[in-house]
Structure formats: C-alpha cells, structure tokens
Asker: 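One structure follows; several queries about it will come next.
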Amino acid sequence: MQRLLKEITPRTEDYSQWYLDVINKADLMDYAPVRGFMVIKPYAYRVWELIQAYMDARFQETGHQNAYFPLLIPESLFKREAQHVEGFSPEVAWVTQGGSEELSERLAIRPTSETITGIMYAKWIQSYRDLPVLINQWCNVLRWEKATRPFVRPREFLWQEGHTVHRTEADAREETQRMLNIYVDTLRDVLAIPALSGEKSERERFAGAVETWALEALMGDGRALQAATSHFLGQNFARVFEIDFLDEDGERRLGWTTSWGASIRLIGALIMVHGDDRGLRLPPRVAPIQVVVVPIAAGPQREQVLDAARQAGAEIGEIGGLRVHVDDRQEYTPGWKFNDWEMRGVPVRVEIGPRDLAQGQVVLVRRDTGEKAVVPRNQLALRVRELLDDVQEGLYQQALSWRDSHTYTVSSVDEILAHDVRGFFKSGLCAESACEDRLQTATGATLRVLEAGEPEGACLVCGAPAVRRAVFARAY
RNA sequence: CGGGCUGUGGCGCAGUAGGUAGCGCGCUACCUUGGGGUGGUAGAGGUCGUGGGUUCGAAUCCCGCCAGUCCGACCA
C-alpha cells in the first residue's frame, strides 16, 4: 500500500513525537517566545472557528447569550471563595505593576471567571424575575502550568465558559446536565469522538463546585483526555458574592449557579483520536478544507485538465457550500500534493487527469481508509457529498471501536497493570479517597469519572464493598 | 518544581588536540517532469539560543539564564 512519510514518527515508535510531528506537518501551531505559549496558526484556528460555530449555535438555541468579562481580577475578589482560591492559587499569574507604578492590589489574570461573573451577577440580580441569567463568553484564560504541551496543556488557551444563575437547585442541576449533553453532542456529531461522561470524584472536582461532570475521551495511546466539564456550583459562589434575589413569596433567597467550559484542547483530542501515521485526519464537519481537487496536469492536455479541475471544484463548492480547494500549483507534483493534503487531514481528495477526461470519470479518495473509487464525472457532486458523510461516520466508528476495545471491566489493580494502563478501566470502588491515591501510586491511573448505576462487587483496591462505579485511566 | 537529553541557514543534521562553519531537504531563477514527496543547472541564505568567563583566539572549555523535549511531582 502506501509507504509511510519519513517526516512523521510512527505512533508505535514514539507517540509523543508523533503528536508533535503531526502538529508540525499539518501546520497547526508554532511555539511563542514564552514557555507554554503558542501561536495557533490559521489552519488550526479555522478548525476552532468551526467548532465554535456549532457550539455557539447550541448555546444560543438553549437561551444563552454571549458577553465579555475582563481579563484581570482584583486579588480580594479572587480570594473570596476559599476552595476556589486554594485550588487555583498554584497556577495563577499576577499583574503587580502598571506602567512604572506598583499596584496597590495585585490583579489576577483570570484562570477562569467564576469570581468576576459572580460579583457582576450580584449587582445585576434583584428579583426572581431577573432569573435565570444565562451568559457565555469566548475568551482566553491563563494557568501557569508546570508541564506544558501544545493544545492539550498550554498556559494560555482559548475556550468558552458559561456562567449561569438559577432560581432553584433543580433548575441549576438541569442546566448542568443540559450543557454536558451539548458537549456530548459536539464530540459525537461534530468531532466524531465517542466520549465517556460522568461525575468527577471529590479529588478531581472543580475547586468550589458541589459537583463536576466531565467528558473523557480515549486517545490513540490509551490515555484519557478531559474534553469538557460542566459544574453544579450549588450556592457556594452565590453565598460569597451575595448573588441573591427576592422571590415571589417575598423571601430573599440565594441563587444557584453553574459553569461549564470546553477549550481549544479539543483540537489536541482531534489529533490524538483520529490521527494516523500519515498525519491528521479531520472529520468533515470541522475540516477547513473538506475536499481538495488535485489536477494531474501533464503535457499537452495541461490546460484542459486544469480547466476541468477548476470546474469540478466550483461544482462541488456550489452544493451545500462545501469547503473545496483546487490545488493547481504547478511547482508540486501530484504525488507531493497527495501527501501534503493527507498530512493536513483533508477528508476527501478528487483526482482529475487526462485519463479521467478521456473516460468521463474522476477518482475519489477518502482520507480515513485511503480507499480509492472511480466515479462517473456526472455523479461527482453527489458522490463527494455521500463520501463526506461516510468519512464523518467512518472516523466515528473507528474511534468507537478503539475505545470499546480498550475499555475493560476489572476487579483488581493487577488487571490494570496487565493492560499496561492503556485504556478505560471500569471497576467498583469504596468510598475512601485513599483508595484513589493508592491506585494512582500503583498504576499512574486516576479516577476519570464515576458512572451512574448500582455498583457491583468490591473495591478493586481494598476489597471493601463497592459503593461507586468508577472509570480509571492515565490522563493527559 | 526536581532529574535527563537537546539548542549550528526555514527543517533535519555534521562539525573536540580551541584557529573564524559544512551537508541534505526546503527556498529563488530557468529547464524538465507530472496518476503516491520528478530530474538537472545556477543562486540566495547563518550575530552557531542568550549573557558572562577562560584564552592571542571559543560553535567547541567553564558558569548563569532562556527555550524545546522526556520522566517524576503538580494540574480546576
């Protein structure tokens, strides 16, 4: 079949290097001068915009509005919620100087915005009629990470954070699940990633939350990546920021808040879930270029072939606004272009050459399987469309079967070790968080999520009766 | 934050008895070729990460710092 590209380290040889090679060959980002900061290059930024477009529409249709809150938060505000500060302090960066003058109070560069939205919501909310407040913001945040990694763990990252206030606990809990489900949909339907969702344990919970719900996706090396979170904050933030309102019955009550977020880390997930030894593989729904047309413009028929290619491109672009690109560069050979676009993950390639012209046909190649098909020229638009749907589905199915074949039900720590700690490990767990610690020490795996349902059997660490259904994995 | 490895044209690398920098790819021009990274000719391009130190002289030796990467700790 096709030989491997020498520029991309095979996944089995060195997964980390493979990840960096793919990012480089697909031209997704570049390192900035400060450690942990990166430039998101146009191709990757376009993927982010496509993800944004879907999520934003879902937020709007569920009644949310976008707004923008400031980057800097006064230390005194930031410190109000004790758990929150404790959790975030180690990774907060501070502004201490403005121009040549030292500030009288340090300003935190937001690692997340619960505090700033909290103080503002307290001002805005007077009556139950002001509720719910359903606001989202698309912004950057800063966390002074010690170990950084492109896309999955940069110090500055783009994300969206929703912050809502509700009249009742039930409303807030419902919101938490509603948004979690939108993330599930986004991963499944748009990114073609089957994720596993559930509640976080106390240890892994968002600082200041009552409950944290999360999506975990399984990467190609068997490690898990937290893809999105949705927090039920109870009245913790409402209490310290005095987010209260006069209810219908004349009683003053505290609001119930939620927050939820997903970041550009999703691009890291895309790379690691779908990428192969030839590079990136993008699901059509987030591919900046869904179809690339490569003319095989040889010899005397060059102009005819180029015209045919451009015409085919235009035709494809007309149907449903598909994102198509005709690569008519003269300076590269077709073979070079094939490799180039494959590394960049373009889902479908159309080849048109003299042979095809003569026989009234075109060649279609799908990126997920590499499969080639010769189709009649007059069916081009139709078949391309079908093929894009097939690739979207094909990538999902491949990711699903990878996840399912690497999800194990276990009843002992040794079984996890036997699988080299690669995959999702489901087991019963007792109530002691010490068992989580011991498991992590022994295997490096952490509790990713707690699943709903009746626990069975015994705690895989201590053997006590299980009270929770846990899913463990080594995490990024 | 601790430990290891790395830093020389855009990318990948060579370059230790210390003597003023080289190769491949890429890039530019022209020709050739074109169905899986064509071939040729001629060119352009480097304060050797950075700041000190040793030396007549440092890419090369010593120290600090910065950045990349791996392992560990930490990580809503």
Side-chain angles (χ1 to χ4, degrees), chain A residues 1-9 14-17 19-21 23-25 27 30-38 81 83-92 110-115 141-150 152-155 157 159 161 200 202-209 212-214 226 228-231 233 259-261 263 265 278-279 294-302 305-306 327-343 349-359 361-363 365 370 372 374 440-441 444 446 475-476:
Chain A
M1 199 169 132
Q2 302 147 340
R3 68 195 177 80
L4 303 180
L5 272 295
K6 54 184 174 294
E7 291 94 339
I8 298 176
T9 305
D14 182 342
Y15 196 82
S16 293
Q17 190 57 51
Y19 178 72
L20 298 169
D21 289 347
I23 285 171
N24 184 247
K25 299 308 290 184
D27 202 27
D30 200 359
Y31 296 100
V34 182
R35 183 163 65 111
F37 288 74
M38 62 178 200
E81 215 290 330
Q83 291 291 321
H84 192 61
V85 193
E86 194 187 325
F88 277 104
S89 292
E91 44 191 271
V92 172
R110 64 178 168 217
T112 179
S113 303
E114 277 73 7
T115 55
V141 287
L142 202 69
R143 297 180 187 182
W144 211 253
E145 301 290 350
K146 303 196 155 112
T148 61
R149 191 180 184 75
V152 300
R153 201 159 218 96
R155 282 177 168 172
F157 57 90
W159 76 341
E161 48 177 330
K200 287 288 186 181
E202 181 177 356
R203 220 164 149 272
E204 301 273 333
R205 188 182 298 152
F206 176 76
T212 286
W213 295 76
Q226 179 174 299
T229 49
S230 185
H231 314 291
L233 303 174
S259 66
W260 26 275
S263 76
R265 161 183 273 198
R278 304 185 62 75
V294 178
I296 319 296
Q301 293 193 66
R302 169 179 293 173
V305 171
L306 285 174
D327 188 356
D328 56 6
R329 291 176 293 180
Q330 301 281 305
E331 63 270 32
Y332 294 108
T333 60
W336 193 94
K337 293 175 183 176
F338 296 166
N339 286 301
D340 192 41
W341 293 114
E342 278 169 11
M343 288 190 289
R349 178 174 75 238
V350 178
E351 301 175 18
I352 299 181
R355 283 207 302 266
D356 307 303
L357 238 49
Q359 294 171 43
Q361 63 183 32
V362 290
V363 177
V365 187
K372 287 194 181 192
V374 177
Q440 181 175 2
T441 305
T446 50
Y476 270 99

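So that the names make sense, note that chain A is the first sequence line, chain B the second, and so on, each numbered from 1. Just so it is clear, the model here is predicted, and its values are computed rather than measured.
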Asker: Classify the nucleic acid contact of A/Pro111 as base, sugar-phosphate or nothing, counting any heavy atom under 4.0 Å across all strands shown.
Answerer: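 Nothing, no nucleic acid heavy atom in range.
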Asker: Go ahead and name the base partner of B/A17; Watson-Crick or wobble counts if both distances stay under 3.5 Å, otherwise write none.
Answerer: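 Partner of B/A17: none.
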Asker: Under 4.0 Å, heavy atoms only, any strand: does A/Asn24 hit a base, just the sugar-phosphate, or nothing?
Answerer: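 No contact.
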Asker: For B/C48, which nucleotide is its Watson-Crick or G-U wobble mate, given both distances must be under 3.5 Å?
Answerer: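 Check on B/C48: unpaired, no WC or wobble geometry under 3.5 Å.
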Asker: Are A/Arg278 and A/Glu342 within salt-bridge range, i.e. N to O under 4.0 Å?
Answerer: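 Counted as a salt bridge, because a side-chain N and a carboxylate O are separated by less than 4.0 Å.
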Asker: Is a side-chain donor-acceptor pair under 3.5 Å present for A/Ser259 with A/His231?
Answerer: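 There is no such pair (donor and acceptor under 3.5 Å, judged by atom type) between the side chains of A/His231 and A/Ser259.
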Asker: With heavy atoms under 4.0 Å as the rule, sort A/Gly353 into base, sugar-phosphate or nothing.
Answerer: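 It contacts base atoms.
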Asker: Would you mind classifying the nucleic acid contact of A/Ala297 as base, sugar-phosphate or nothing, using non-hydrogen atoms under 4.0 angstrom?
Answerer: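 Base: the residue A/Ala297, judged by heavy atoms under 4.0 Å, touches a nucleobase.
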Asker: Going by atom types alone, do A/Gln440 and A/Thr446 pair a side-chain donor with an acceptor below 3.5 Å?
Answerer: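 Result is no, nothing qualifies.
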Asker: Mind checking the CG-CD1 spacing from A/Asn339 to A/Ile8? Nearest 0.5 Å is all I need.
Answerer: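 CD1 of A/Ile8 is found 9.0 Å from CG of A/Asn339.
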Asker: For A/Lys25 and A/Arg153, find the nucleotide of RNA chain B closest to each by heavy atoms; which residue's nucleotide sits nearer the 5' end?
Answerer: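 First, find each residue's nearest nucleotide; the 5'-ward one identifies A/Lys25.
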Asker: Quick one: closest heavy-atom pair of A/Asp327 and A/Pro295, and the distance?
Answerer: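 Shortest heavy-atom separation between A/Asp327 and A/Pro295 comes out as O-CD, 3.2 Å.
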Asker: Of A/Asp356 and A/Tyr476, whose nearest nucleotide on RNA chain B comes first from the 5' end?
Answerer: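 Taking each residue's closest nucleotide, the earlier one in sequence belongs to A/Asp356.
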Asker: Report, one pair per line, the protein and nucleotides 68-72 of chain B atoms (nitrogen or oxygen only) whose separation is under 3.5 Å.
Answerer:
residue, atom, partner, partner atom, Å
B/G68, OP1, A/Gly36, N, 3.3
B/G68, O3', A/Tyr31, OH, 3.3
B/U69, OP1, A/Tyr31, OH, 2.6
B/C70, OP1, A/Ser16, OG, 3.3
B/C70, OP1, A/Arg149, NH1, 3.2

Asker: Within the structure shown, what part of the strands sits under 4.0 Å from A/Val363 by heavy-atom distance: base, sugar-phosphate, or nothing?
Answerer: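 Since a base atom lies under 4.0 Å of A/Val363, the category is base.
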Asker: Of all heavy-atom pairs between A/Pro150 and A/Tyr19, which one has the smallest distance, and what is that distance?
Answerer: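 Closest pair (atom of A/Pro150, atom of A/Tyr19, distance): O-OH, 2.7 Å.
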Asker: Across all strands shown, which nucleotide pairs with B/A42 by Watson-Crick or G-U wobble geometry, both distances under 3.5 Å?
Answerer: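 With both distances under 3.5 Å, B/A42 matches B/U28.
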Asker: Going by an N to O cut-off under 4.0 Å, is there a salt bridge joining A/Lys372 and A/Glu351?
Answerer: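 Judged by the 4.0 Å cut-off on N to carboxylate O distance, A/Lys372 and A/Glu351 do form a salt bridge.
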Asker: When the distance from NZ of A/Lys200 to C1' of B/C75 is rounded to whole Å, what number comes out?
Answerer: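 Atom NZ in A/Lys200 sits about 11 Å away from atom C1' in B/C75.
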Asker: Could you identify the nucleotide paired to B/C1, looking across every strand shown and requiring Watson-Crick or G-U wobble geometry with both distances under 3.5 Å?
Answerer: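 Partner of B/C1: B/G72.
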Asker: In whole Å, what is the span from the NZ atom of A/Lys337 to the P atom of B/U33?
Answerer: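 Answer to the nearest Å: 16 Å.
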Asker: I'd like to know if the side chain of A/Asp21 pairs up with that of A/Thr9 as donor and acceptor (distance under 3.5 Å, no hydrogens or angles considered).
Answerer: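 A donor-acceptor contact under 3.5 Å links the two side chains.
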Asker: Sticking with atom P, work out how far B/G64 lies from B/C71, rounded to a whole angstrom.
Answerer: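 Result for the P pair: 25 Å, nearest Å.
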Asker: Name the pairing partner of B/G36, where a pair is Watson-Crick or G-U wobble with both distances under 3.5 Å, or state none.
Answerer: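 Looking at the geometry, B/G36 pairs with no nucleotide.
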Asker: Given B/C75, B/G36, B/G35, which nucleotide is nearest the side-chain atoms of A/Arg278?
Answerer: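 For A/Arg278, the side-chain atoms sit closest to B/G36.
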Asker: Can you check the distance between B/C62 and B/A17, where both ends of the measurement are the P atom (answer in whole Å)?
Answerer: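 So the two P atoms sit 15 Å from each other.
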Asker: Please classify the nucleic acid contact of A/Thr112 as base, sugar-phosphate, or nothing, using heavy-atom distances under 4.0 Å.
Answerer: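 Since no nucleic acid heavy atom lies under 4.0 Å of A/Thr112, the category is nothing.
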Asker: Provide the Watson-Crick or G-U wobble partner of B/A59, both distances under 3.5 Å; none if there is no partner.
Answerer: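 Pairing partner: none.
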